[in-house]
2 protein chains.
Amino acid sequence: MDNNLMRPVPERKRGQGVKFVYEILRDDILDLVLPPGSPIDEIQLAERLSMSRTPIREALVKLASEGLVTTLPNRSTMVSNIDFLNLHTFFDALSLMYRVTTRLAAENRTEEDLEIIRNLQIKFTKAVQAQDALTMIATNRDFHAAIAEAGKNPYYTGLFFRLLDEGRRILRIYYSSFDDQLPKRYVAEHDDMIAAIEAHDVASADKLAAQHADQIVIQIQQFMARDRRRPIDL
Amino acid sequence: MDNNLMRPVPERKRGQGVKFVYEILRDDILDLVLPPGSPIDEIQLAERLSMSRTPIREALVKLASEGLVTTLPNRSTMVSNIDFLNLHTFFDALSLMYRVTTRLAAENRTEEDLEIIRNLQIKFTKAVQAQDALTMIATNRDFHAAIAEAGKNPYYTGLFFRLLDEGRRILRIYYSSFDDQLPKRYVAEHDDMIAAIEAHDVASADKLAAQHADQIVIQIQQFMARDRRRPIDL
DNA sequence: TGTATTTTATTTGTCGACAAGAATATTAGA
DNA sequence: TCTAATATTCTTGTCGACAAATAAAATACA
């Protein structure tokens, strides 16, 4: 019940309060420091961050409209649960967004976009070599986010980022250790995707993204099958 | 500058304040009672609705995270502009969501879903017969929203509803009167879509939705070409 | 007259306080 | 001892107030 956010409270300028709380809560939710179902006590938070409840409430409204937090009227707000019963809708949307964003990247990428994507692939490769699973997860996310940005459709990036964040929570719950050969395969697939994007090869980008998405979905499902702690919900 | 919301202020129960302001503002924004770029004065709103600024600010945070409102830090918040320069990203996303939601509806629809969809098609048909353009726009939106609901993927419905709302604003700006033959064609296309959804014919549903979306995009573009008041932005 | 600088006014972001609701504890009655 | 009614505590939703930040107005200067 004591989900402390034990962080030093840095100096804050006026007008940064909401953003500040928002980012702290968001990070803690996505990193499962605040696991699904945790109650969020406004007063406690206010005291810990030494600010009033007003900016905290506004941050909570923002988080609620992104689905990360659920507020019951006149009752406490809590970290949103993951709907394991309907995970297939998540996988479906995730796969589609992988494809669409990668297609668009192949159409619209600039040299600067490519540069960013390549750098993130280097970071990802290093994380794989170091067998650092947490960094792998984070960098893989950033890699695909960068591809989506190169596609330059804010409606797609908006949904895709939300899905990637949700995926981060799910992976945090389920991953124990990666199979040794899988991450290396991801590196190769990423390289292929970069090549297709660079060549403006839309069809190939689409196909590679679809395969890559399938691979990731299968992997998450394997994690879930391996770890049967959570029977149905929550 | 005086975008008054002249409405009677009904009795409100505690805990309904934010919702109340949110819905008023949302409706006024989508109906262009508050046109893009309008400044939103918190104090003025607070007086008019006879409540304090706190619930109003929370409603604005919610609207901001849905993209309907833009808040410049330490400066007034205003109704978001429509990005006419990048409308193609809107059309692209809209078409995709038309297809995806209609496909899923063909897969997952229940009898109850079909019932709702058919009733909305009846409403739409009546609006076409009555040549009531505003009701046509609204009912067409509800029709496709109902199809999306039948698909039962909250990630898709979330994005799709946002796109439909944005389309409502654009149509309100540009439509003058519909061509006589076009709405009738829409009625026929809707009927075909219902048949495909009823028959669980995913491929057909997808194809019909794609055609329908193209048709609608072309129509909006024709409205825009016809009405060249707005040269570049805003 | 036009520009730079100071002063004033307005508006935002945050605060502490308070009352309505809900949750919990307490008492009363069987 | 167990259930029902009541009282108490706690939390949320809303309020009015205040200070920082910005915009507008007024003044000084060239």
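All values below come from the heavy atoms of this structure, side chains included, with hydrogens, waters and symmetry mates left out. Lettering of chains follows the sequences in order, A, B, ..., and the numbering in each one begins at 1.
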Legend entry - Interatomic distance, B:E47 CD vs C:dT10 C1' [rounded to whole Å]: 13 Å
Inset, instruction - Determine, step by step, whether B:F160 and B:E149 satisfy the side chain to side chain contact (heavy atoms under 4.5 Å, CB included) criterion, reporting the C-alpha distance in whole Å, the side-chain angles of both residues, the deciding distance to 0.1 Å, and the verdict. - result: CA-CA 10 Å; B:F160 193 36; B:E149 295 275 18; over 6 Å; no
Inset, instruction - Considering non-hydrogen atoms only, spot the tightest contact between B:G151 and B:N108 and give its length. - result: O-ND2, 3.1 Å
Inset, instruction - Return the value, rounded to whole Å, for the distance between atom CE of A:M51 and atom C1' of D:dA19. - result: 16 Å
Legend entry - Rounded interatomic separation in angstrom, taking CD1 from A:I56 and P from D:dT11: 14 Å
Inset, instruction - Give a yes/no answer on whether the side chain of A:S52 brings an N or O atom under 4.0 Å of OP1 or OP2 in C:dC15. - result: yes
Legend entry - Spacing between B:K19 atom NZ and D:dT14 atom C1', to the nearest angstrom: 18 Å
Inset, instruction - Can you tell me the distance, in whole Å, between the CE atom of A:M78 and the P atom of D:dT12? - result: 14 Å
Legend entry - Neighbour count >12 (heavy atoms, 6.0 Å) for atom NZ, A:K152: yes
Inset, instruction - Summarise protein proximity over nucleotides 18-25 of chain C in one line of letters, 5' to 3': B for base, S for sugar-phosphate only, - for none, counting protein heavy atoms closer than 4.0 Å. - result: -BBSSS--
Legend entry - Contact nearer the 5' end of DNA chain C, comparing B:I40 with B:T54: B:I40
Inset, instruction - Let me know the distance between CD of B:E42 and C1' of D:dG16, rounded to the nearest Å. - result: 15 Å
Inset, instruction - Specify whether A:H144 and A:Y98 have parallel, tilted or perpendicular ring planes, treating 30° as the upper limit for parallel and 60° as the lower limit for perpendicular. - result: perpendicular
Inset, instruction - Decide yes or no on side chain to side chain donor-acceptor pair (under 3.5 Å) for A:T110 and A:D113, but give the supporting numbers first. - result: CA-CA 5 Å; A:T110 63; A:D113 295 326; 3.0 Å; yes
Legend entry - d(CD, B:E58; P, D:dT12) in whole Å: 12 Å
Inset, instruction - Could you tell me whether A:S76 contacts a base, only the sugar-phosphate backbone, or nothing, with contacts defined as non-hydrogen atoms closer than 4.0 Å? - result: sugar-phosphate
Inset, instruction - Could I get the full list of side chain to side chain donor-acceptor pair (under 3.5 Å) partners for B:T71, not counting sequence neighbours? - result: none
Inset, instruction - May I ask you to establish whether B:R141 and B:F161 are in a cation-pi arrangement, using a distance under 6.0 Å from NZ or CZ to the six-membered ring centre and at most 45° from the ring axis? - result: yes
Legend entry - Atom-to-atom span, CD of B:Q16 to C1' of D:dT12 - whole angstrom: 13 Å
